[in-house]
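First the proteins, then the strands, lettered A, B, ... as listed; each starts at 1.
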Amino acid sequence: MTGRIVHPGETPWSMTERVCVTTLRPDAGLWTPLWWWLCLGMALALLAGGVVSVAWLFYAGLGIWGIDWPVAWGFDILNYVWWIAIASGGTFISALFFLLRAPWRTSLNRLAESLTLCAALCAAIFPILHLGRPQFFYWLFPYPNTMGLWAQFRSPLVWDFFAILAYVLCSVLFWYFGLLPDLATLRERAQRRWQRVFYGVLALGFRGSARQWRHYQPVYGVMAALMAPLVVSVHSIVGMDFAGGAATGWHSTQFPPFFVFGAGLSGFAIVLLAVIPLRPALGLQPYITDWHIDVLGRLLLTASLCVAYAYVMDVFSTFYGPDQADRTMFAFRLHGLYAPVYWGTIMLNIVFPQLLWWRGVRMKQPVVWAICLGVLVGMWLERFQIIVSSLARTQLQSAWGQYTPTLWEWSLLAGTIGLFLTAFLLLVRFIPMLAMAEMRAVLEDRP
Amino acid sequence: MKYALRIAAGVAAVALVAVVAAAIRVPQAVFPAWLAVCAAWIGWPLGSMALVLVHALTGGRWGDILRPALRAGIATLPLGIPALAGVLWGARHLYPWVQPGGGARITNGFYLNVPFAMGRVVAYVLVWGWLGTVCLRGRDVGRTAPVGLIALAFTSGFAAIDLTESLDPHFSSSAYGLIAAAGSVLLAFAVGVLMEGMWTRGQDLRDLARLLLGLTVLWAYLDFMQFLIVWQSNLPVEAAWYAPRLRGAWGGVALTIVALHFLLPFAVLVLSPLQARRPAIMLAAGLLTGMEILRNLWLVLPTWTQPVPLAGVGLSLFFFGGGSALLVLRHRNRESVLSCSVQPGDAHV
């Protein structure tokens, strides 16, 4: 097994050396590869567009968006759900497979967790923007306000607040806690003063003593055990935001697990999407091998099949259930204004990932990368058809409508993609993308 | 062994004769009980098949340890023939949509009609028969597993809808099949731990405890999500399904299920010191097995306003218990004969 996880010639010393050189770049001054600058430039351009969009939103109000009655949830909620699902990949790989004692996750967990952080950051922005008056974001907290009214504790929107907050906080802690030994390694190897101070402060005095390790390992295990149910709870509650609503097509008891399946699909897709180009760019091929791509491809296929099962049951329940309005809305999904969105969802989330049944396809990384990009687009389309198609075809024919996103909504979406890429590129540059301490344990256990 | 075989065969035969005699005289008292016990039993072979197929894909010590018990569970599949025959015989007493004119009163008649239902039953028998044969033969399981799991997921989900959800044709829950599948896998794993746990120790026992914990949490999660969404939405059609199951004596059963199907096993299995203690694991597995049977009774029997006599439940339990014991003993007998006939150096059978 270890031979497939790490190339045979690698030792703990060579691994540490390679990762530290990539992060600290001791011989090259502040020089950073061109690809990194190009990507950062593009990311910052997108981010700048997003900043302008948010500034205009704060000035002019929600009227600049295309949302209106009956489609009062548009890109804001859609993008929130999409980003939070993307964030799940790191947690699935890092926490769930840690609990399942899968040694291959060691090669991927830092990268996947970093993706989680950046995606969760993007997700957290949308509910605040959606409020209309973002300066009152603290009204989301369930505290008795001046009118003496409490939050509606039976509403999943309140649960959502707790779930997201807990998830984001725990994700940051889990990521940072796992990073401590590596920050200490970087502090010890840094040759420049700013690097020693930077990594020294971040390492919080971690020295790698036997006492510290004795406390570190159980705490990491407990955090992993907390993260696994948290990732399920956060997506389940997102599912319940819809399932508890009265809109057509939303009331479905499978929504909580269905959203978890979708989160797994998006999460594995983003990890593959990042791993495939970063492996050669950061020189990580000896530690993230073709076998990892193969495993991730299989996981993506499994998640796609789970989502396919949910789609089939969704269609079945629509026709098996008693509500005629659901059937009318479903016909609208198939043949109406947004039909390309529905069929795009099916093609990108279900049909194309079936190519991953063949090992030959899983070994062709450009093809896998294209499938993953398709899955991310497909998951976005899925959210669009769940939210927009349902709201556009309510029970009352007189309340039917449609939704056309404005340029400001598109630029906001592009801005969050820019924010995601900027944050991730900064992490790639300044944080080791391989969990050195954990990888050392894998290499030392090798027979 | 022969003695045990005769006892099991005798119990099953006597129970079957008694059930048939009672079904002719008082069908309303027997068929609901038969269906409830059948729904509980079918989870064992189906869950065992799912676990064998998953293990063929993932590997792991747990599958090696549980393999004899899982194979024994699959070997009880032939019991499905009298089980399904009983359900088909009593369908008119069980399902409103089978009764004359019943189809006109429902909106899902495209699915709930006799010819289509018969076709589905044939499909289930063919798919489960094929998968059971593959799993028991032990060859090419890995190659069959991906397709087999997909087929099993759909057939077991739709079978659960056909067998128990359609008792109330107005009730619809898209998670119903998933819950049934999770319950089946949990039942099969718990029975496996009961059968093989006596000879397991150390880290292996701990692994079994953790996996049992994971499956318990999975089932509880799915079942609770369905309940929570129905409670939260408070729609008349769905509330009407839960109402008889949460009031009176059945409400007490529901609380018992919460306490003994989830809370107590969870408390036992989550504690690290208890994960290494065989009596604790066996207790949790026993509770989960018993409660999964009770949960199926709770799903089926409150459908009727008239209480179903316990004698019918008892007779059905004796038949399925005796029949399962007979088939398991026959299977073990055959396995031991085969293993004795394999000479050193032969390929593993």
message = With side-chain hydrogen bond (donor to acceptor under 3.5 Å, both in side chains) as the criterion, how do A:Ser317 and B:Ser172 come out once you've worked through the C-alpha distance, each side chain's angles and the decisive distance to 0.1 Å?
response = CA-CA 7 Å; A:Ser317 302; B:Ser172 167; 4.7 Å; no
Return the [atom1] to [atom2] distance between [X] and [Y], rounded to the nearest 0.5 Å.
X        : Y        : atom1 : atom2 : value
A:Phe261 : B:Leu178 : CZ    : CG    : 5.0 Å
B:Asn108 : A:Phe319 : CG    : CZ    : 12.5 Å
A:Tyr320 : B:Ile106 : OH    : CD1   : 7.5 Å

inquiry  = Counting only heavy atoms not in A:Met363 (residues, nucleotides, ligands), do more than 12 fall under 6.0 Å from its CE?
reply    =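 Buried by this count: over 12 neighbours within 6.0 Å.
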query = Is the count of non-hydrogen atoms from other residues, nucleotides or ligands lying under 6.0 Å from B:Arg120 atom CZ greater than 12?
reply =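 Atom CZ in B:Arg120 is packed in, count exceeds 12.
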query = Between B:Thr107 and A:Gly321, what is the shortest heavy-atom contact and its length?
reply =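 Minimum heavy-atom separation between B:Thr107 and A:Gly321: OG1-O, 3.9 Å.
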task = List the atom of B:Pro146, the atom of A:Trp357, and the distance in Å for their closest heavy-atom pair.
result =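 Nearest heavy atoms, B:Pro146 then A:Trp357: CB-CZ3, 3.2 Å.
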By a 4.5 Å heavy-atom criterion (distance strictly below it), what part of [X] contacts chain A: side chain, backbone, both, or neither?
X        : value
B:Thr58  : neither
B:Ile150 : side chain
B:Tyr221 : side chain
B:Gln232 : side chain
B:Leu211 : neither

request  = Check whether the ring centres of A:Phe316 and B:Tyr111 lie less than 6.0 Å apart, and answer yes or no.
outcome  =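 So the answer is yes for these two rings.
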request  = Test A:Met240 against B:Met225 for side chain to side chain contact (heavy atoms under 4.5 Å, CB included), laying out the working first.
outcome  = CA-CA 9 Å; A:Met240 271 190 285; B:Met225 285 297 131; 3.7 Å; yes
request  = Decide side chain to side chain contact (heavy atoms under 4.5 Å, CB included) for A:His251 and B:Glu238; before the verdict, give the C-alpha distance in whole Å, the side-chain angles of both, and the deciding distance to 0.1 Å.
outcome  = CA-CA 11 Å; A:His251 179 67; B:Glu238 294 170 348; 2.7 Å; yes
Audit row: B:Phe154, A:Val312, side chain to side chain contact (heavy atoms under 4.5 Å, CB included) steps and yes/no = CA-CA 9 Å; B:Phe154 280 108; A:Val312 170; 3.6 Å; yes
query = Taking the side chain from A:Thr253 and the backbone from B:Ser174, do they hold a donor-acceptor pair closer than 3.5 Å?
reply =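 Confirmed, A:Thr253 side chain pairs with B:Ser174 backbone.
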task = Side chain from CB out, backbone as N, CA, C, O: work out which of these in A:Pro156 comes under 4.5 Å of a heavy atom of chain B, or both, or neither.
result =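 When you check distances to chain B, atoms from both the backbone and side chain of A:Pro156 fall under 4.5 Å.
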task = Check whether A:Val315 gets within reach of chain B through its side chain, its backbone, both or neither, counting any heavy atom under 4.5 Å.
result =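 Interface part for A:Val315: neither.
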request  = Heavy-atom pairs under 4.5 Å with chain A are the metric here; pick the option from B:Ile161, B:Ile179, B:Asn234, B:Leu149 that has the most.
outcome  =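 Result: the option with the highest number of such pairs is B:Ile161.
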